[in-house]
Colleague: 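Provided herewith is a single structure, encoded as structure tokens, for subsequent inquiry.
Everything numeric here is computed off the predicted structure, so don't read it as measured data. Side chains included, hydrogens not; waters and symmetry mates left out as well; all remaining heavy atoms used.
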Amino acid sequence: MEYQLPRLTKMWTHLERQAGGKVKGMGEKQIEVDKRILRTQIGVLKKELESVRKHRKQYRNRRFSVPVPVVSLVGYTNAGKSTLLNQLTGANVLSEDRLFATLDPTTRRVQMKNGSEFLLTDTVGFIQKLPTTLVAAFRATLEEISESSLLVHVVDISHPLAEQQIDAVEKVLAELDVSEIPKFMVWNKVDKVTDPEKIKLEAERREDIVCISALTGEGLLEFCNAVQEKLKGSMVPVEAFVPFDKGELLSTIHQVGMVEKTEYTENGTFVKAFVPLRFARLLTPMRQLCKS
């Protein structure tokens, strides 16, 4: 609508009101009526976008109270992000071979084999030369990215313009100012390329790249291991003494962190682990018990 607003010139001129009798002037022109209607609709849509933004902020605040790491899937539209989410979580999110099949973020819990967990968020796909007004419209959904512990850049490596798509995604991420969040790249759809082995060798030569096929499930174990290793880099090491009556804290440490050492004593459990920073603050009394 903002694109249409300045481009209404000479449309519907045959509907303009003509002056008649002793009326001065022509009355309201049709183009003025159209512009007024568009401006009203734009105002309504902006209010709806603001409502969506507030709604999503409440969801994020609720998730923030539970210290589970959040991993966001970002990438060009039709790169296979929704398919990857479905494979890992069984979310049954709409995934089709078309542009912008996903317009609303979906977050699901992923349970690792070692018992640890993380939240996986599927976001709207990017496109090249995304108009500024559309970036503003998508910001309500893309704000999910700014609260992430880790970004996973999903690339359709079988696409002939994969490099240009990577550049387009990096440009939008720069606009969102999320450069401080750690990220790594996933080359998806390796089952569609002519020489999969060559692609895998190229990925091994570069750093922070995992080859997968979200459709067939190939490489998903390597993907989960890479996510866990990257999340470990964003966590802080802690040593804490957890009394037996605080057993729920010990369970949470195993869920959201990575436990390296556990010792059971008469009064409680000594734990050495990597945990998210905000959860480490909750453990401050236990860490002081450990020092004493």
Side-chain angles (χ1 to χ4, degrees), residues 59-73 84-85 87-91 107-122 144-153 178 180-186 203-204 207-212 217-292:
Y59 269 114
R60 286 197 297 272
N61 290 342
R62 200 180 303 168
R63 286 204 301 265
F64 198 75
S65 62
V66 181
V68 179
V70 178
V71 179
S72 287
L73 301 175
L84 177 58
L85 181 79
Q87 277 280 11
L88 288 170
T89 66
T107 302
R108 293 290 185 272
R109 190 181 295 263
V110 178
Q111 182 88 36
M112 303 282 285
K113 288 185 177 179
N114 60 4
S116 62
E117 299 176 341
F118 63 88
L119 296 177
L120 192 63
T121 299
D122 180 23
E144 297 286 321
I145 296 171
S146 62
E147 302 292 335
S148 305
S149 308
L150 176 67
L151 301 181
V152 177
H153 183 173
V178 291
E180 74 283 353
I181 301 176
K183 66 174 180 289
F184 76 96
M185 192 174 290
V186 168
E204 286 179 10
E207 293 183 359
D208 292 340
I209 295 179
V210 177
C211 286
I212 67 165
E218 179 186 350
L220 291 188
L221 182 60
E222 290 82 356
F223 168 79
C224 288
N225 291 337
V227 167
Q228 196 165 24
E229 197 59 37
K230 277 288 181 181
L231 286 175
K232 186 177 179 180
S234 65
M235 295 180 183
V236 294
V238 295
E239 292 184 1
F241 183 80
V242 184
F244 287 127
D245 60 343
K246 300 283 185 182
E248 71 282 355
L249 276 177
L250 190 62
S251 174
T252 306
I253 292 172
H254 280 278
Q255 278 185 343
V256 305
M258 299 175 191
V259 178
E260 290 193 337
K261 185 180 179 183
T262 306
E263 286 183 10
Y264 298 97
T265 64
E266 291 181 4
N267 301 318
T269 309
F270 169 77
V271 180
K272 185 177 181 182
F274 286 85
V275 296
L277 180 59
R278 63 180 184 271
F279 186 61
R281 291 173 183 150
L282 294 175
L283 286 174
T284 302
M286 314 299 163
R287 295 165 78 181
Q288 291 171 348
L289 275 176
C290 179
K291 289 175 182 177
S292 60

Colleague: So, do T265 and F241 sit near enough that their side-chain heavy atoms are less than 4.5 Å apart?
Modeller: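 Answer yes - side chains close enough.
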
Colleague: Taking side-chain hydrogen bond (donor to acceptor under 3.5 Å, both in side chains) as the test, write out the residues that go with E263, two or more places apart.
Modeller: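 So E263 forms a side-chain hydrogen bond (donor to acceptor under 3.5 Å, both in side chains) with K261.
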
Colleague: For the residue pair V210 and F184, establish whether any side-chain heavy-atom pair is separated by less than 4.5 Å.
Modeller: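 SC-SC contact between V210 and F184 confirmed.
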
Colleague: I'd like to check the side-chain contact (heavy atoms from CB on, under 4.5 Å) partners of I209; sequence neighbours left out, ordered by chain and number.
Modeller: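 Once residues adjacent in sequence are excluded, the partners of I209 under the side-chain contact (heavy atoms from CB on, under 4.5 Å) criterion are M185, W187, A203, R206.
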
Colleague: Would you say the side chain of L150 lies within less than 4.5 Å of the side chain of V227, judging by non-hydrogen atoms?
Modeller: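 Side-chain contact under 4.5 Å: yes.
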
Colleague: With sequence neighbours left out, write down each residue that passes salt bridge (charged side-chain N to carboxylate O under 4.0 Å, His left out) with E229, or none if nothing qualifies.
Modeller: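 Residues passing salt bridge (charged side-chain N to carboxylate O under 4.0 Å, His left out) with E229: none at all.
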
Colleague: First locate atom NZ of K272, then atom CD of E239, and finally report the distance between them rounded to the nearest 0.5 Å.
Modeller: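 One gets 5.5 Å once the value is rounded to the nearest 0.5 Å.
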
Colleague: Please report the interatomic distance CG(L250) to CZ(F244), rounded to the nearest 0.5 Å.
Modeller: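 Nearest 0.5 Å value for the CG-CZ distance: 9.5 Å.
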
Colleague: What residues form a side-chain contact (heavy atoms from CB on, under 4.5 Å) with P243, not counting sequence neighbours?
Modeller: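 Partners of P243 by the side-chain contact (heavy atoms from CB on, under 4.5 Å) criterion, ordered by chain and then number, come out as D245, K246, M286, L289.
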
Colleague: How close do L88 and C224 get, counting heavy atoms only, and between which atoms?
Modeller: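 Where L88 meets C224 most closely, the heavy atoms are CD2-SG, 3.8 Å.
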
Colleague: Name all residues meeting the side-chain hydrogen bond (donor to acceptor under 3.5 Å, both in side chains) criterion together with K230; count only those two or more places apart in sequence or in a different chain, and write none if there are none.
Modeller: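 K230 satisfies side-chain hydrogen bond (donor to acceptor under 3.5 Å, both in side chains) with D208 once adjacent residues are dropped.
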
Colleague: Quick check on side chain to side chain contact (heavy atoms under 4.5 Å, CB included): which of V152, V186, L151 does L73 satisfy it with?
Modeller: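 That would be V152; it is the only one of V152, V186, L151 passing the side chain to side chain contact (heavy atoms under 4.5 Å, CB included) with L73.
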
Colleague: Quick one: pull up OG in S149 and CD1 in I181 and give me the separation to the nearest 0.5 Å.
Modeller: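 Reported to 0.5 Å precision, the distance equals 8.0 Å.
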
Colleague: Could you tell me if the side chain of F223 sits less than 4.5 Å from the side chain of L84, heavy atoms only?
Modeller: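 Yes, side chains in contact.
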
Colleague: Just to verify, what does E218 make a side-chain hydrogen bond (donor to acceptor under 3.5 Å, both in side chains) with, not counting sequence neighbours?
Modeller: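 Once residues adjacent in sequence are excluded, the partners of E218 under the side-chain hydrogen bond (donor to acceptor under 3.5 Å, both in side chains) criterion are K200.
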
